[in-house]
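Report on one structure; see the data block that follows.
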Amino acid sequence: MGRFHRHDDGAVHTHGRDEPGHGHGDHGGYRTGAQRIDVLEAIFAENDLLAETNRAAFDSNGIRTLNLMSSPGSGKTTILAATLDELAAELAIGVIEGDIATDLDAAKLGGRGAQVSLLNTSNGFGGECHLDAPMVNRALPGLDLSRLDLVIIENVGNLVCPAEFDVGEHAKAMVYSVTEGEDKPLKYPVMFRAVDVVLLNKIDLVPYLDVDVDSCMAHVRKVNATATILPVSARTGAGMGAWFGWLRRFVREPDS
């Protein structure tokens, strides 16, 4: 899946490299001509169709759904745990927990007042580095949608592929840790461009790092002029109130 991507206009584009012994149009052992493009377009079309099915299921139950993405180690699960601790008493929350393997993150979220449906992409999905609409659809029976206000889909840790797949969400958010460096929005623009909210996490570590928060935020703005940017620390709780407020509005004021 990492050899192609979809542009904002929906066009599918492949990447490869000519190698000795291959004719024109063979790149890295893969055919990148019209037939391959047709296959990739069919994959995206099938995904988008099932994404609409997922969204219809959420809508029919009055649920707002958020696709939460990040690179590995950004603090996504820690933020999600703090979110459940704060909001589960006032909102009925379901979590679809996506990981390539293990139930470690799902276990961290257990006992915090939310329904949790674990989705390992190595179990029948080939160990995919992202969640797609068919995977999320298979995870829905693990949640009682009739009893939920909010579903948060914790995507697989990856700064590339997850942003390209609509899974039926109403909004996308990402966690961007200051420990990742100031240049990540410029190096991975597809992810940063796709999201509605950027949680700039681990700001408590800024005094110990060679990083400038203003530069991090400015680089986000270069690729996404409209996203809400929230500097936070999941560990200390700094700035988390703004995140909780955003989620409350997301659920209770969907048209705002």
Query - Heavy-atom side-chain contact between Arg235 and Lys202 under 4.5 Å - result: no
Requested in this report: Output yes when a side-chain donor or acceptor of Arg112 lies under 3.5 Å from a complementary backbone atom of Glu86, and no otherwise.
Outcome: no
Query raised in the report: Heavy atoms, side chains only, cut-off 4.5 Å: are Val151 and Leu66 in contact?
Result: no
Requested in this report: Kindly check if the number of other-residue, nucleotide or ligand heavy atoms within 6.0 Å of CZ (Arg252) is above 12?
Outcome: yes
Query raised in the report: Can any side-chain N or O of Glu182 pair as donor or acceptor with the backbone N or O of Asp212 at less than 3.5 Å?
Result: yes
Report task. Using atom types as modelled and distance alone, determine if a side-chain donor or acceptor of Ser233 lies under 3.5 Å from a backbone N or O of Ile203. Result -> no
Query raised in the report: Any idea which heavy atoms bring Pro189 and Val223 closest together, and the distance?
Result: CB-CG1, 4.0 Å
Query raised in the report: CD1 of Ile152 to CD of Glu169: how many Å apart, nearest 0.5 Å?
Result: 13.0 Å
Report task. Before accepting this row, confirm whether a basic side-chain N of the pair Glu90/Arg248 lies closer than 4.0 Å to the acidic partner's carboxylate O. Result -> yes
Requested in this report: List the atom of Phe250, the atom of Ala171, and the distance in Å for their closest heavy-atom pair.
Outcome: CE1-CB, 3.6 Å
Requested in this report: Look at the side chain of Glu52 and the backbone N and O of Leu50, then say whether any donor-acceptor pair between them is shorter than 3.5 Å.
Outcome: no
Requested in this report: Tell me whether Val175 is reachable from Tyr188 by hopping between hydrophobic residues (I, L, V, M, F, W, Y) whose side-chain heavy atoms are closer than 4.5 Å.
Outcome: no
Query raised in the report: To the nearest 0.5 Å, what is the distance between CG (Asn201) and OG (Ser177)?
Result: 6.0 Å
Query raised in the report: How many angstroms lie between CD1 in Ile93 and CG in Leu148, if you round to the nearest 0.5 Å?
Result: 9.0 Å
Query raised in the report: So, does Asn158 use its side chain to make a donor-acceptor pair with the main chain of His130 at under 3.5 Å?
Result: no
Query raised in the report: With no hydrogens and no angle check, do the side chains of Asn155 and Asn67 hold a donor and an acceptor under 3.5 Å apart?
Result: yes
Query raised in the report: Going only through I, L, V, M, F, W and Y residues with side-chain contacts under 4.5 Å, is there a path from Met69 to Phe44?
Result: no
Query raised in the report: Is a salt bridge present between Lys172 and Asp196, judged by a nitrogen-to-oxygen distance below 4.0 Å?
Result: no
Query raised in the report: Side chains of Asp149 and Ile63: does their closest heavy-atom pair fall under 4.5 Å?
Result: no
Query raised in the report: Do Met135 and Leu118 belong to the same hydrophobic cluster, where Ile, Leu, Val, Met, Phe, Trp and Tyr are linked whenever their side-chain heavy atoms lie under 4.5 Å apart, directly or via other members?
Result: no
Requested in this report: Carefully, step by step, assess Leu150 and Thr65 under the rule side chain to side chain contact (heavy atoms under 4.5 Å, CB included).
Outcome: CA-CA 6 Å; Leu150 170 67; Thr65 304; over 6 Å; no
Query raised in the report: Can you name the closest pair of heavy atoms from Met240 and Val232 and give their distance?
Result: SD-CB, 3.9 Å
Report task. Check whether the side chains of Ser74 and Glu180 place a donor and an acceptor atom closer than 3.5 Å, and report yes or no. Result -> no
Query raised in the report: Ser70 versus Tyr176: any side-chain heavy-atom pair under 4.5 Å?
Result: no
Query raised in the report: Taking it one step at a time, do Asn137 and Asn54 satisfy side-chain hydrogen bond (donor to acceptor under 3.5 Å, both in side chains)?
Result: CA-CA 6 Å; Asn137 186 263; Asn54 294 343; 2.9 Å; yes
Query raised in the report: Can you list the steps and then say if Thr121 with Asp99 is a side chain to side chain contact (heavy atoms under 4.5 Å, CB included)?
Result: CA-CA 6 Å; Thr121 67; Asp99 264 315; over 6 Å; no
Query raised in the report: Is there a side chain to side chain contact (heavy atoms under 4.5 Å, CB included) between Ser117 and Leu140 once you walk through the steps?
Result: CA-CA 8 Å; Ser117 181; Leu140 292 185; over 6 Å; no
Query raised in the report: Salt bridge or not for Asp166 and Arg55, using N-O below 4.0 Å?
Result: yes
Report task. Compare every heavy atom of Tyr208 with every heavy atom of Asp204, then report the nearest pair and how far apart it is. Result -> O-CE1, 3.8 Å
Query - Test applied, side-chain hydrogen bond (donor to acceptor under 3.5 Å, both in side chains); reference residue, Thr77; option that passes from Glu97, Glu154, Lys108 - result: Glu154
Query raised in the report: With side chains defined as the heavy atoms from C-beta onward, is the minimum distance between Met174 and Val197 less than 4.5 Å?
Result: no
Report task. Side-chain contact test, heavy atoms from C-beta onward, threshold under 4.5 Å: evaluate it for Thr226 versus Asn224 and give yes or no. Result -> yes
Query raised in the report: Thr102 versus Asn120: any side-chain heavy-atom pair under 4.5 Å?
Result: no
Query raised in the report: Are Val220 and Leu199 linked, directly or through other ILVMFWY residues, by side chains that come within less than 4.5 angstrom of each other?
Result: no
Query raised in the report: Under a 4.5 Å side-chain heavy-atom rule over Ile, Leu, Val, Met, Phe, Trp and Tyr, are Val198 and Trp243 clustered together?
Result: no
**Report entry** Nearest atoms (heavy-atom pairs only) where Pro162 meets Met191
**Finding:** CB-CE, 4.3 Å
Query raised in the report: What's the verdict on side chain to side chain contact (heavy atoms under 4.5 Å, CB included) for Phe58 and Arg64, showing C-alpha distance, side-chain angles and the deciding distance?
Result: CA-CA 7 Å; Phe58 295 133; Arg64 297 286 282 167; over 6 Å; no
Query raised in the report: Side-chain contact, heavy-atom cut-off 4.5 Å: Leu230 with Thr228?
Result: yes
Report task. Would you name the heavy atoms of Ala139 and Ile96 that are closest together and state the gap between them? Result -> CB-CG2, 3.9 Å
